[in-house]
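Presented below is the structure to which this report refers.
Each chain gets a letter, A, B and so on, in the order its sequence line appears, and its residues count up from 1. Because the structure is a prediction, the values reported are computed rather than measured.
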Amino acid sequence: MDKYEKVFELAKRRGFLWNSFELYGGSRGFYDYGPLGSTLKRRIEQIWREFYVIQEGFMEIECPTIGIEEVFIASGHVGGFSDPLCECINCSEAFRADHLVENVMDAAGTLSADALTKVIRDYEIRCPECGGEFRDAYEFNLMFKTTIGPGTGRQGYLRPETAQGMFVDFQRLSRFYRDKLPFGAVQIGKSYRNEIAPRQGVIRLREFTQAECEIFVDPRHKKHPNFERFSDKELVLYSQEAQEKGESFRMTVREAVKAGVIAHEILGYNLALTNEFLTKIGINPARLRFRQHLKDEMAHYAIDCWDAEIETERFGWVEMVGIADRTDYDLKAHARVSKTELYVYVEYNEPRMVTRFAIKPNMGKLGPVFKGKAKNVADALKQLSEEELSKDEIKVTVDGEELTISPDMVSFAEETVKVSGENVIPHVIEPSYGIDRIFYGTMEHAYDEENVAQKAAESGLKGMEDADSESRAVEAEGESDAEAEEETRLVMHFSSAVAPVQVAVLPLLTRKELADPAKEIVAKLREKTLLVNYDDSGTIGRRYRRNDEIGTPYSITVDYDTLEDRTVTIRDRDSMRQVRAPIIGIENVLYELIYRDRSFESAGKPFNF
RNA sequence: GCGUUGAUGGUCUAGCGGCUAUGACUUGGGCCUUCCAAGCCCAAAACCCGGGUUCGAAUCCCGGUCGGCGCACCA
């Protein structure tokens, strides 16, 4: 069993992840989040909100998961989010049609499926596997199609990314932020891609959750006002150059921007922010790096793009977050298709006096002469130079017809006007998070198997060595060849910021006199909105193990001393140490342990070590 | 999508033509005055789906679904 299998086994068993539609045999590319999984995922998302919405101030919006066709025509997904495929008649192997004709054609990637079919026929291209002939090439679009409304309805698509919603709402957002750059918006939600072959569990799904942020910035000033916050932060960078050598390096954000490794401050700031986020939710910083997209891998419109990748045991380095400078590509595309200008008016610090050549066609005279064409004539006149306008007979060409205009029909002059600003199409900086992958990464990086005896010795726990040697003696008597099996415990080292259960409350024995105070404590903790698990089933050791497995950071145990002095023990998951603390105020102590980084030793008097 | 390989309680697994399908862990109820799996009593729980061969199929054959791996794909 490799780590992926172990993590999945635990995830399934403990209610983190289940295959969807299992009752009916399942369907690839879909997963259910179980009770603990949903909670863990929501807590990850909530921390994301704290970063982007609360700290950065990019408000959250929510758009439909179904989009109308125009949106994806503009975004390029209708035309470009597909690949031309071609299958062999003989062996049914599928190939990229454009790859097949690459050797005989230039720009094969731009050809339609029909054109590709023709090229394949003309050049008699055969299957590289078996030499068979090919069927016609066809486009396989990765978007789920649907119909809006009854009958033939209107063509709709399930969104393949949440980003388009922010672009489509650009004008409203700009207004909301009082037309002042920079501003941004985020969206957390489901997106859909009809993957040809989903694999690797939750790494590639057909329905998945994205957390995307679109930051609209002034293209001329890509400095970050708060750059100092992270400028001295060291990141592990795997730049284009570094990839050639195959070795990543550490560098501060400031240096990286200065050296041109990272394109600009805003991108650098956002890389550091992502680093902060991933580390906070429990990604191992030693297995986290930022990889720059290679030139041919980057979208043609992007200036620079970095993926936050984490190392997993089975899949190697996996992309978790993409952080790109998408320039003005998206806004321009939507402007073109919607025939609406999308820009922000940016005022100058000082109004500028601009001298320009102004042409004023005299519509009162042009109108009667040219009737319906007058407007076009006026437009044509505006294109002329001063020299051409100074002639006795001015000639313009309208709809292929050469017309002569007398000089009194148009006036022109140099004029000086005050210009106080200009229209700017913002550039978009986009951090885009794959929540499901991050969820898996959090699980894998939290997963650990520990030798209990060793752990107990490290933490200086009393009484456990005895128990251990006793059991060994029993085994040795029973079976001569039995190796003294070392006890291991499965433990999820979730950060208490994301742990789906924060405190377990355990009566030492299932007896009313212990259960009552335990339930009292549960109520107090819940009042502090802590996530509490009450568990009275099985021996105390078993319950500690159970909670280790789901990553509960703290366990409170009620024993018979509790009845004497109203104190309980608090156990720390990672060290397995315990302290004794009074029930009064226990909810505040736990709250501080979880949210205020209070040290465990300060929570009470040492117990059993 | 192609090839390959697998699918047995919640989990891992034995069985590979023949009565009520193996075992472990887990789980539920109870016992237990004391803190880190394997204490005691009791209980619950499985042959992926559909066809075929056969007197008889978890077991053999075919198809499907799902999982692993390889190829292809991954805006």
- Fit a plane to each ring of A:Phe72 and A:Tyr157, take the angle between them on a 0 to 90° scale, and name the class: parallel (under 30°), tilted (30 to 60°) or perpendicular (over 60°). perpendicular

- Message: Side-chain N or O of A:Arg314 versus OP1/OP2 of B:C69: is the shortest distance under 4.0 Å?
- Response: yes

- Message: Side-chain N or O of A:Arg511 versus OP1/OP2 of B:U33: is the shortest distance under 4.0 Å?
- Response: yes

Heavy atoms only, 4.0 Å cut-off, all strands: where does [X] land among base, sugar-phosphate and nothing?
X: A:Asp561; answer: base
X: A:Phe30; answer: nothing
X: A:Arg573; answer: nothing

- Task: Please step through side chain to side chain contact (heavy atoms under 4.5 Å, CB included) for the pair A:His493 and A:Asp574, ending with a clear verdict.
- Result: CA-CA 7 Å; A:His493 294 287; A:Asp574 293 343; 2.7 Å; yes

- Residue pair A:Tyr33 / A:Thr39, side-chain donor-acceptor N/O under 3.5 Å: no

- Message: We want to know whether A:Gln155 and A:Lys145 form a side-chain donor-acceptor pair, criterion being a heavy-atom distance below 3.5 angstrom.
- Response: no

- What is the pairing partner of B:G1, taking Watson-Crick or G-U wobble pairs with both distances under 3.5 Å in any strand? B:C71

- Mate of B:U65 across any strand shown (Watson-Crick or G-U wobble, both atom pairs under 3.5 Å) is B:A7

- Item | Same-atom distance (P) from B:U13 to B:G68, integer angstrom | 15 Å

- Item | Non-hydrogen side-chain atoms of A:Arg289 and A:Trp317 separated by less than 4.5 Å | yes

- Does any non-hydrogen side-chain atom of A:Val532 lie less than 4.5 Å from one of A:Val501? no

Protein-nucleotides 61-65 of chain B N/O pairs under 3.5 Å:
unit_1	atom_1	unit_2	atom_2	d
B:U65	O2'	A:Gly25	O	3.0

- Item | Shortest side-chain distance from A:Val452, nucleotide among B:C36, B:G68, B:C35 | B:C36

- Message: Any N or O donor-acceptor pair under 3.5 Å from the base of B:C74 to the side chain of A:Glu195?
- Response: no

- Message: With a 3.5 Å cut-off and heavy atoms only, can you find an N or O donor on one side and an acceptor on the other between the side chain of A:Asn19 and the base of B:C66?
- Response: no

- Item | Ion pair check, A:Arg314 and A:Glu5, cut-off under 4.0 Å | yes

Using nucleotides 10-13 of chain B, report all nitrogen or oxygen pairs with the protein that are shorter than 3.5 Å.
unit_1	atom_1	unit_2	atom_2	d
B:U11	O2'	A:Glu9	OE2	2.5

- Query: A:Phe439 ring centre to A:Lys41 NZ or CZ under 6.0 Å, with the angle to the axis within 45°?
  - Reply: no

